[in-house]
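Each remark here refers to the structure printed beneath this line.
Atoms within a ligand are numbered from 1 in the order they appear, just like the ligands themselves.
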Amino acid sequence: MARIQSIRGMNDLLPAETPVWQYLEAQLRDLLGRYGYSEIRFPIVEQTELFKRSIGEVTDIVEKEMYTFEDRNGDSLTLRPEGTASCVRACEQAGLLYNQVQRLWYAGPMFRHERPQKGRLRQFHQVGVEAFGMTGPDIDAELIMLSARLWKQLGIHSGLTLELNTLGSSESRRAYRQALVDYLRPLKAELDEDSQRRLDSNPLRILDSKVGSTQALLAKAPVFDAYLDEESRAHFTELCAMLDAVGIAYKLNPTLVRGLDYYGLTVFEWTTDLLGAQGTVCAGGRYDGLVEQLGGKATPAVGFAMGIERLCLLLEATGNLPEKTAQADVYVIASGAGAQRQALKLAETLRESLPLRVLAHCGGGSFKSQFKKADKSGASVALVIGEEEAEADQVQLKWLRDDGAEQQTLPRNALVDVLRDKLNRQ
Ligand code: ATP
Ligand code: MG
């Protein structure tokens with residue numbers, strides 16, 4: 001019978017890969033805690049309407065990337081393509097946004113039906129950070145500082161550029177949209193197909209087009225800066241001054257618009273040229289209108305999400321993968337029924353008394369094959385109980401990494417002290 005395979009673009013994470021993910025997750029968890037952010041978890045499936053209303057009907061995500069299906073009741077449900085909408089929904093539902101400040105983060109799988117390639121999957125993983133209830137550029141700056149510190153902590157800061165833009169108020173966007181449409185309309189035939197369609201539905205998204213000929217047409221398009229209202233400009237100027245003050249470099253990118261409709265004012269992306277076309281590692285911005293759009297009271301909000309797969313690729317590309325750690329510190333070897341029982345008991349005693357990783361050999365086999373496994377485990381010491389040792393309540397201790405060290409035979413009850421001493425643990 002044919003073997004069942006995983007779904008294209010939805011990868012397994014094998015044991016050889018999980019240590020990198022665990023490392024990243026631990027760094028993130030620690031960092032977010034240090035900035036005072038709390039974790040929130042919400043379901044992977046939501047009502048389709050939630051994403052349509054938040055991300056926007058005429059965005060790539062909603063138009064062609066969502067995993068939408070009818071459940072057995074005939075309700076239209078969607079696997080979450082991103083976390084912000086669900087986060088707002090969850091907070092609103094629990095009354096967490098009413099006259100309150102929230103600093104939140106979440107992590108988990110997201111689903112988009114895209115063409116799978118390096119750094120682009122159908123099930124991918126994001127860590128998202130959202131801050132609610134704060135209007136000033138200070139919280140925008142804090143989010144950027146937090147991400148910059150993460151890159152530094154991971155050793156990848158020199159490979160990343162911060163691109164920054166402001167989308168202004170909705171009024172200024174409206175005025176600019178009109179100017180852009182007036183400029184592009186006579187050139188419609190020269191635009192790529194998606195952009196032609198967007199000209200009526202969502203013209204700002206044309207700025208984000210990855211098609212070269214469209215980008216060339218945009219070179220002479222009106223620039224948003226001329227339409228920016230004073231208040232938005234002041235917000236942006238202050239944000240830039242704050243970043244200058246903390247020494248975070250940025251590149252102003254007036255065509256940065258982001259692929260989701262809910263953004264206004266600040267938008268930013270951390271990009272790299274080390275990952276080919278999938279160069280955006282982290283992206284976000286301000287979305288003051290979204291909470292109200294989803295039925296809540298108007299609430300200022302800003303957030304970002306980073307792609308964990310792309311971060312892993314970047315760690316690899318820059319030689320910053322964490323060092324491989326051994327599977328165990330101590331490997332317990334035994335032969336003979338009595339000896340095996342004692343070995344299991346010894347392993348438990350060690351785990352009880354010392355913060356060591358103790359791997360007890362299971363499944364029998366010759367001493368030789370057990371030693372091979374001990375060596376492969378990366379353990380620094382093997383403890384051996386044969387029939388003789390079992391009878392005399394002894395253990396043979398053999399150092400596996402230190403050629404000079406001698407093999408010793410010890411009384412079993414002396415082991416904890418010897419190991420504590422030699423392996424330098426408390
Ligand atoms: P892109 O322009 O690369 O398609 P996006 O603008 O659609 O990205 P966002 O919705 O802003 O991406 O998601 C934030 C981050 O999540 C991205 O910067 C990226 O690191 C990651 N990401 C988005 N889509 C995918 C995907 N299909 N596979 C892997 N990572 C992804
Ligand atoms: Mg995308």
Which segment of Lys210 sits under 4.0 Å of ligand 1 when only heavy atoms are counted: side chain
4.0 Å heavy-atom contact, Arg120 with ligand 1: yes
Leu256 and Glu269, any side-chain heavy atoms less than 4.5 Å apart: yes
Residue-ligand contact Arg112/ligand 1, heavy atom below 4.0 Å: yes
Rounded distance [0.5 Å steps], OH in Tyr183 versus CD in Gln178: 16.0 Å
Six-ring centre of Tyr98, Lys297 cation under 6.0 angstrom, axis tolerance 45°: yes
Six-ring centre of Phe371, Lys398 cation under 6.0 angstrom, axis tolerance 45°: yes
The one among Pro81, Gly119, Gly284 that brings a heavy atom closest to atom 29 (C) of ligand 1: Gly119
Enumerated ligand 1 atoms positioned under 4.0 Å from heavy atoms of Val281: 18 (O), 20 (O)
Which segment of Arg310 sits under 4.0 Å of ligand 1 when only heavy atoms are counted: side chain
CG on Asp75 to CG on Leu77, rounded to 0.5 Å: 6.0 Å
List the atom pairs, with distances to 0.1 Å, where a side-chain N or O of residues 221-243 and a protein N or O form a donor-acceptor pair under 3.5 Å, not counting sequence neighbours.
residue : atom : partner : partner atom : Å
Asp225  : OD1  : Arg233  : NH1          : 3.1
Asp229  : OD1  : Ser169  : N            : 3.3
Asp229  : OD1  : Ser169  : OG           : 2.9
Asp229  : OD1  : Ser172  : OG           : 3.2
Asp229  : OD1  : Ser232  : OG           : 2.7
Asp229  : OD2  : Ser232  : N            : 3.1
Asp229  : OD2  : Ser232  : OG           : 2.8
Ser232  : OG   : Ser169  : N            : 3.1
Arg233  : NH2  : Asp225  : O            : 3.0
His235  : NE2  : Asp140  : OD2          : 2.9
Thr237  : OG1  : Arg233  : O            : 2.7

Name of the residue among Leu252, Thr255, Thr271, Val267 meeting side chain to side chain contact (heavy atoms under 4.5 Å, CB included) with Glu163: Thr271
Check against salt bridge (charged side-chain N to carboxylate O under 4.0 Å, His left out), Arg149 and Glu142: CA-CA 10 Å; Arg149 180 168 302 284; Glu142 176 177 290; over 6 Å; no
Subset of ligand 1 atoms that lie under 4.0 Å from at least one heavy atom of Thr280: 17 (C), 18 (O), 19 (C), 20 (O)
Salt bridge (charged side-chain N to carboxylate O under 4.0 Å, His left out) partners of residues 21-31, not counting sequence neighbours, each pair once: Arg29-Glu39
Check: Ala283 N/O within less than 3.5 Å of ligand 1 N/O: no
Region of Glu82 engaging ligand 1 - heavy atom pairs below 4.0 Å: neither
Distance filter under 4.0 Å to Gln126 heavy atoms, resulting ligand 1 atoms: 13 (O), 14 (C), 15 (C), 16 (O)
Contact (N/O only, under 3.5 Å) between Phe124 and ligand 1: no
Distance-only N or O hit between ligand 1 and Ala305, under 3.5 Å: no
Contact partition for Asp60 relative to ligand 1, non-hydrogen atoms under 4.0 Å: neither
